[in-house]
Undergrad: 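Can you read through this structure? Questions will come right after.
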2 protein chains.
Amino acid sequence: MDNREKLLHAAGRIYAEVGFRGATTRRIADEAGVNEVTLFRLFGSKSQLIAEAINCQDPMGAVSLPRIPVDPWRELNDWCAGHATALREMRATIRKTMADLEEHPDMGPHLCRGQTVHFNELVAYAQRLVALHPSVRDADVATSCSMLFSALFGDAMGRDIMPMVYPQPEEGATARYVETFLRSIGVAPSSASGAWSATSSLPAVGPA
Amino acid sequence: MDNREKLLHAAGRIYAEVGFRGATTRRIADEAGVNEVTLFRLFGSKSQLIAEAINCQDPMGAVSLPRIPVDPWRELNDWCAGHATALREMRATIRKTMADLEEHPDMGPHLCRGQTVHFNELVAYAQRLVALHPSVRDADVATSCSMLFSALFGDAMGRDIMPMVYPQPEEGATARYVETFLRSIGVAPSSASGAWSATSSLPAVGPA
DNA sequence: CCAGAACGCAAGCAAGCGCTTGCATCGAAC
DNA sequence: GTTCGATGCAAGCGCTTGCTTGCGTTCTGG
């Protein structure tokens with residue numbers, strides 16, 4: 001790993017910890033095991049280093065939804081679990097980026113674009129799902145997807161500071177989000193209209 | 001307004017703008033029209049000033065839910081609209097506080113506690129609502145409330161930076177969240193089980 | 001063998017930081 | 001009328017900030 005990469009990794013870690021103002025060039029250089037002068041020789045300024053460090057981060061894991069829904073509950077659950085894990089792992093970076101966004105607008109778009117792409121994948125899947133479900137008529141698919149997305153986001157961002165607001169225990173939260181989501185678009189396994197290979201109404205939530 | 005109040009207000013404004021590290025004592029004193037020395041004489045340190053400035057902010061408006069649901073759609077809509085407005089007005093402060101939380105843990109709890117209280121009010125209302133609705137059996141009320149809450153939070157925090165993820169237009173978003181929420185707990189106006197004085201399925205969303 | 005790029009090191013610069021000191025001013029209380 | 005608490009003002013303390021300069025070392029390609 002050359003000095004560029006070392007500095008980018010260190011900058012990403014320290015930025016996630018203390019934000020833009022807290023991430024001093026001396027500290028980044030120390031953590032990277034590189035001389036501070038080299039930092040400026042390679043990146044020109046602190047702003048460019050950090051912008052590059054943020055923008056090179058892969059915002060999401062490799063989870064994806066199939067084109068044709070087969071087992072919606074399982075597929076959505078896997079997708080949401082992957083998304084939630086990715087959000088939790090990037091929690092610190094996301095928090096700092098949202099706070100620094102007004103002062104450094106060139107730092108956030110990469111993260112947001114990744115989120116939007118991911119969201120569109122969910123909407124497309126859900127639309128195919130309700131299309132396959134003739135009895136569903138008046139669902140607001142886009143809003144349901146938005147709420148599911150916000151639930152995962154809020155959970156990842158807020159559970160550590162106000163746990164009472166989110167479903168307990170943490171391990172079962174994703175499943176409950178998906179269940180509630182399916183119910184809101186009228187495709188719940190427990191709904192009156194016949195469902196897929198739906199499992200029981202609250203699967204494997206663990207001890208409350 | 002005495003110097004204490006002037007400093008508290010200035011500190012709150014500047015903190016919302018640039019966070020803890022960016023809010024320098026010189027800038028706060030200037031914006032308050034007070035000498036910097038007076039700041040230290042009154043508050044002792046920058047940390048105490050800002051902690052007091054954050055903790056004295058009223059986190060929520062005066063909206064509240066009635067004990068007995070009468071017109072759930074209207075009551076929830078009013079409550080959510082008020083909550084959303086309050087969140088949007090405090091958006092900058094909330095973002096900065098979430099980012100600074102790990103370094104200054106004594107600064108966030110006040111905001112979080114206000115949110116939790118508000119959330120509990122929603123849960124209690126929703127539980128009375130489904131209790132009044134005998135045909136509803138297998139709703140996950142807590143999770144539905146959590147998702148509604150997260151939807152309002154995510155909308156207030158994220159719409160300005162990734163608008164595609166949230167329902168359009170902004171003015172109609174709250175109504176759609178409430179509709180979807182009611183549908184997820186099985187009390188939708190368009191549900192098969194008879195509803196209250198429910199209005200049409202998508203009331204007054206405005207031009208799409 | 002040697003030019004040149006990449007890098008480390010020591011030092012420093014101007015600016016800003018939180019915070020303190022010393023002193024003059026001023027209005028109210030006794 | 002005098003004391004006293006609250007405030008402003010000028011100056012400065014020690015430290016950190018982003019960033020630069022100058023120079024010596026190491027390695028590599030021709």
Side-chain angles (χ1 to χ4, degrees), chain A residues 1-56 92-93 96-97 99-108, chain B residues 1-56 92-93 96-97 99-108:
Chain A
M1 192 160 69
D2 64 350
N3 284 341
R4 262 191 79 88
E5 282 182 86
K6 282 197 235 172
L7 285 167
L8 285 173
H9 280 100
R13 278 198 305 274
I14 295 179
Y15 177 85
E17 196 181 331
V18 289
F20 188 91
R21 275 194 167 85
T24 71
T25 53
R26 284 195 235 276
R27 189 171 165 191
I28 294 173
D30 281 356
E31 178 129 340
V34 170
N35 196 284
E36 191 187 0
V37 184
T38 303
L39 184 156
F40 288 99
R41 280 198 272 243
L42 289 177
F43 293 93
S45 74
K46 165 180 164 176
S47 301
Q48 289 194 13
L49 203 208
I50 292 190
E52 203 159 326
I54 300 286
N55 283 10
C56 82
T93 301
K96 305 302 186 300
T97 307
D100 287 332
L101 222 150
E102 292 156 35
E103 287 187 87
H104 305 275
D106 52 331
M107 240 169 43
Chain B
M1 193 159 66
D2 65 351
N3 285 342
R4 264 190 77 89
E5 282 180 86
K6 282 197 237 171
L7 285 167
L8 285 172
H9 281 100
R13 278 199 305 274
I14 295 180
Y15 177 85
E17 196 181 332
V18 287
F20 188 91
R21 275 191 167 86
T24 71
T25 54
R26 284 194 238 275
R27 190 171 164 192
I28 294 173
D30 281 356
E31 178 129 342
V34 170
N35 196 282
E36 192 187 1
V37 184
T38 304
L39 184 157
F40 287 99
R41 281 199 269 246
L42 288 177
F43 293 92
S45 74
K46 165 181 163 173
S47 302
Q48 289 194 13
L49 202 209
I50 293 190
E52 203 160 327
I54 300 286
N55 282 9
C56 81
T93 301
K96 305 302 186 300
T97 307
D100 287 333
L101 221 151
E102 292 156 34
E103 287 187 86
H104 304 276
D106 52 331
M107 240 170 43

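In the text below, chain A, chain B and the rest are named by the order of the sequence lines, each starting its count at 1.
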Undergrad: CD/A:E31 to CD/A:E17 distance, rounded to the nearest 0.5 angstrom?
TA: 7.5 Å
Undergrad: Output the rounded distance in Å from CG (A:L7) to P (C:dG8).
TA: 9 Å
Undergrad: Using atom types as modelled and distance alone, determine if a side-chain donor or acceptor of A:K46 lies under 3.5 Å from a backbone N or O of A:L39.
TA: no
Undergrad: Where the side chain of A:N35 is defined as all heavy atoms beyond and including C-beta, which of C:dC9, D:dG8, C:dG18 is the nearest nucleotide?
TA: C:dC9
Undergrad: For B:R4 and D:dG5, what is the distance between atoms CZ and P respectively, to the nearest whole Å?
TA: 19 Å
Undergrad: For A:L8, which of A:L49, A:I28, A:L42 qualifies under side-chain contact (heavy atoms from CB on, under 4.5 Å)?
TA: A:L49
Undergrad: OP1, OP2 of D:dA6 versus side-chain N and O of B:N3: anything below 4.0 Å?
TA: no
Undergrad: Just how far, in rounded Å, is C1' of C:dC7 from CG of A:D2?
TA: 13 Å
Undergrad: Measure the CG-CG distance between B:N35 and B:N3 for me, rounded to the nearest 0.5 Å.
TA: 9.5 Å
Undergrad: Give the rounded distance in Å between these two atoms: CD1 of B:I28 and C1' of C:dC17.
TA: 13 Å
Undergrad: Just to confirm, is there a sub-4.0 Å distance from OP1 or OP2 of D:dT7 to any side-chain nitrogen or oxygen of B:T38?
TA: no
Undergrad: Is the distance from OP1 or OP2 of C:dC17 to the nearest side-chain N or O of B:T24 less than 4.0 Å?
TA: yes
Undergrad: Expressed as a whole number of angstroms, how long is the span from B:F43:CZ to C:dG18:P?
TA: 15 Å
Undergrad: So which nucleotide from D:dT7, C:dC7, C:dT20 ends up closest to the side chain of B:L42?
TA: D:dT7
Undergrad: Can you tell me how far P of D:dC15 sits from CZ of A:R26, to the nearest Å?
TA: 14 Å
Undergrad: Expressed in angstrom and rounded to an integer, what is the separation of B:R27 atom CZ from C:dC17 atom P?
TA: 10 Å
Undergrad: Mind listing the N/O atom pairs, protein and nucleotides 21-29 of chain D, below 3.5 Å?
TA:
none

Undergrad: Given B:E52 and B:F43, is the side chain to side chain contact (heavy atoms under 4.5 Å, CB included) satisfied, shown in steps?
TA: CA-CA 9 Å; B:E52 203 160 327; B:F43 293 92; 3.9 Å; yes
Undergrad: Just how far is it from atom CD1 of A:I50 to atom CG of A:N55, taken to the nearest 0.5 Å?
TA: 12.0 Å
Undergrad: Side chain to side chain contact (heavy atoms under 4.5 Å, CB included) for B:E102 and A:K96? Distances and angles first, verdict last.
TA: CA-CA 11 Å; B:E102 292 156 34; A:K96 305 302 186 300; 3.8 Å; yes
Undergrad: Between A:H104 (NE2) and D:dG18 (P), how many Å, whole number?
TA: 11 Å
Undergrad: Base, sugar-phosphate, or nothing for B:A29, non-hydrogen atoms under 4.0 angstrom?
TA: nothing
